[in-house]
Amino acid sequence: MPIVEITANELDVEKFIKDKTTEISEAAGDDTAINALSGGVDSSTVTLLGHKALGEKLKTYFIDNGLMRKDEPQEVVSIFSKMGVNVEIIDARKEFFAALKDIDDPEKKREAITQTFYKKVFGRLVKESGARHLLQGTILTDVDETVAGIKRQHNVFEQLGIDPQETFGYKIIEPLLQLRKDGVRKVAEGLGLPEVIFNRPPFPGPALAARVIGAVTPEDVELVRQATVIMEEVLGSVNSFQNMAILHKDRVTGMRNNMREFGRQIEIRSWESTDARTATPMRVDYETLFYLADRITKEVQGVVSVTYHIAKKPPSTMEAV
Ligand code: XMP
């Protein structure tokens, strides 16, 4: 069935919340369900909709894949605990790094992450909890880009002809399929989520693996994680859709303490966009960029080059991988 888009303008938040709560209850019936919360606006919205609909019958997990930003698992769990939603952290770091080992190709990296999430980790959680359904926050932009063959988003199945029941052994419920990011933010606010969540900049499902070009290692994820902390501190007040620090695979010649250093490169992207379908680089002022470059090259070991991305989407995409 084709998905009928609900634009942010035409969205009636109260009606949407009521309709989707009913739909989730009807789809899950008396069964238990699970969902994974990453703290992004999509999965946070689904978590609250799901708890409204299913109460104790929904079990929420934070999957620590080793690819999240600094302290993210603990911070997200604490935000939800204040709202009375209990979230269990699942340590799956070893499984994700093992699955990603030596994989260079972007689509194969995404596929490894998808399989590890859906087959291994959710497969195990479904078995342990006796759940028959997984609730998740796929939005229309994820479906569009995957179906168009631009980028395989980690959370799209049915539109690619993949039956989750057959492939993974559980059903998937996707209450946000008709919305884009701007619509989801309105629903999140309507559900009473705090501003740090409803205005949270997007962060992709493959997390920092989407920000390491080439094979993903724990060491390289740690480098891009440190650069991300600094980037978020310095660009925090830039009114953009999304900012990112990306670690390049290629090294370049630099110099430190009068010695040659064949070092690493970080690329910074700051995007202006409304729905992620098209995007334009923000005009971040040079003083801010120089300060950011100084901090990254001083504080992130081995980085000798920092560049700022200036091409639009299209032909770029927002994430580099
Ligand atoms: P791209 O790179 O496709 O990004 O221009 C558009 C928006 O989608 C996010 N993104 C993802 N989100 N799973 C997600 O949940 C993914 O695999 C994925 N890839 C990209 C990206 O951060 C941006 O907001």
Side-chain angles (χ1 to χ4, degrees), residues 8 35-47 62-63 65 67-69 72 76 96 99-100 103 105-118 122 134-157 159-160 162 172 174-177 179-185 188 197-213 216 224 228 231-232 235 240-246 267-282 309-321:
N35 84 305
L37 169 70
S38 67
V41 67
D42 305 339
S43 70
S44 297
T45 302
V46 164
T47 300
F62 186 106
I63 313 298
N65 52 17
L67 307 168
M68 303 308 281
R69 285 167 291 187
E72 201 156 25
V76 172
F96 278 90
L100 284 164
I103 303 180
D105 177 80
E107 292 299 297
K108 289 191 179 130
K109 271 158 80 169
R110 285 166 176 269
E111 185 56 21
I113 288 170
T114 297
Q115 292 300 329
T116 310
F117 263 121
Y118 290 88
F122 294 153
L134 171 76
L135 240 80
Q136 70 169 11
T138 319
I139 62 170
L140 197 48
T141 316
D142 300 339
V143 175
D144 282 350
E145 294 205 342
T146 301
V147 172
I150 294 166
K151 206 171 266 195
R152 166 78 163 93
Q153 307 272 315
H154 76 291
N155 51 3
V156 175
F157 301 104
Q159 294 77 14
L160 293 178
I162 301 167
I172 295 186
E174 296 171 310
L176 307 182
L177 265 188
L179 303 181
R180 297 192 188 271
K181 202 60 102 185
D182 42 0
V184 182
R185 291 195 193 289
I197 297 286
F198 74 71
N199 266 340
R200 200 172 180 87
F203 188 62
L208 295 175
R211 313 238 168 116
V212 171
I213 300 178
V216 175
V224 85
T228 301
M231 178 279 293
E232 287 184 347
L235 299 185
S240 62
F241 179 87
Q242 195 172 14
N243 302 323
M244 51 192 77
I246 294 153
E267 174 186 335
I268 300 296
R269 297 183 177 195
S270 177
W271 292 110
E272 187 178 351
S273 178
T274 48
D275 57 16
R277 281 187 291 184
T278 58
T280 309
M282 293 288 292
H309 177 94
I310 52 171
K312 292 178 186 165
K313 172 183 179 174
S316 279
T317 59
M318 294 172 85
E319 304 286 348
V321 166

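Every number for a ligand or one of its atoms is a count from 1 in the order of the listing.
The backbone N or O of Phe96 lies less than 3.5 Å from no partner atom in the side chain of Thr116, so there is not a single donor-acceptor pair. Between the side chain of Glu107 and the backbone N or O of Arg152 there is at least one donor-acceptor pair closer than 3.5 Å. For the pair Ser270 (side chain) and Met282 (backbone), a donor-acceptor distance under 3.5 Å is absent. In terms of modelled atom types and a separation under 3.5 Å, the side chain of Ser273 and the main chain of Thr278 share a donor-acceptor contact.
Looking at residues two or more places apart in sequence or on another chain, you find a ring-ring contact (aromatic ring centres under 6.0 Å, His included) between Phe157 and Tyr118, Phe168.
Atoms of ligand 1 found under 4.0 Å from any heavy atom of Arg110, numbered from 1 in the order shown, are 16 (C), 17 (O), 18 (C), 19 (N). Of all the atoms in ligand 1, the ones that sit under 4.0 Å from a non-hydrogen atom of Lys313 are 1 (P), 3 (O), 5 (O), 6 (C). When each atom of ligand 1 is checked for a heavy atom of Thr317 under 4.0 Å away, the hits are 1 (P), 2 (O), 5 (O).
The nearest heavy-atom contact from the protein to atom 7 (C) of ligand 1 is Ala276 CB, 3.9 Å. With respect to atom 13 (N) of ligand 1, the closest heavy atom belonging to the protein is His154 ND1, 2.9 Å. Annotation: atom 9 (C) of ligand 1 to nearest protein heavy atom, Pro204 CB, 4.2 Å. For atom 8 (O) of ligand 1, the closest non-hydrogen atom on the protein side is Gln153 OE1, 4.1 Å. At the top of the distance list for atom 14 (C) of ligand 1, counting protein heavy atoms only, stands Gly205 N, 3.3 Å. Residue, atom and distance of the protein heavy atom nearest to atom 3 (O) of ligand 1 are Glu145 OE1, 2.6 Å. Closest protein heavy atom to atom 2 (O) of ligand 1: Lys151 NZ, 2.6 Å. Among protein heavy atoms, the minimum distance from atom 4 (O) of ligand 1 is reached at Met318 CB, 3.7 Å.
At least one heavy atom of Pro206 sits closer than 4.0 Å to an atom of ligand 1.
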Is there a side chain to side chain contact (heavy atoms under 4.5 Å, CB included) between Ile103 and Val216? Walk through the geometry before answering. CA-CA 7 Å; Ile103 303 180; Val216 175; over 6 Å; no
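For the side-chain hydrogen bond (donor to acceptor under 3.5 Å, both in side chains) test with Glu111, the passing option among Lys108, Gln115, Lys109 is Gln115; the others fail.
For the atom pair OG1 (Thr138) and CG (Leu179), the distance works out to 11.5 Å, reported to the nearest 0.5 Å.
Residue Pro202 touches ligand 1 through its side chain alone, judged by heavy-atom distances below 4.0 Å. The proximity of Gln242 to ligand 1, defined as any non-hydrogen pair under 4.0 Å, is limited to the side chain.
Below 3.5 Å of separation, one finds an N or O of Glu319 facing an N or O of ligand 1.
Ion pairing between Arg110 and Glu145 fails under the 4.0 Å rule for side-chain N and carboxylate O. Salt bridge Glu72/Arg200: present, at least one basic N to carboxylate O contact under 4.0 Å.
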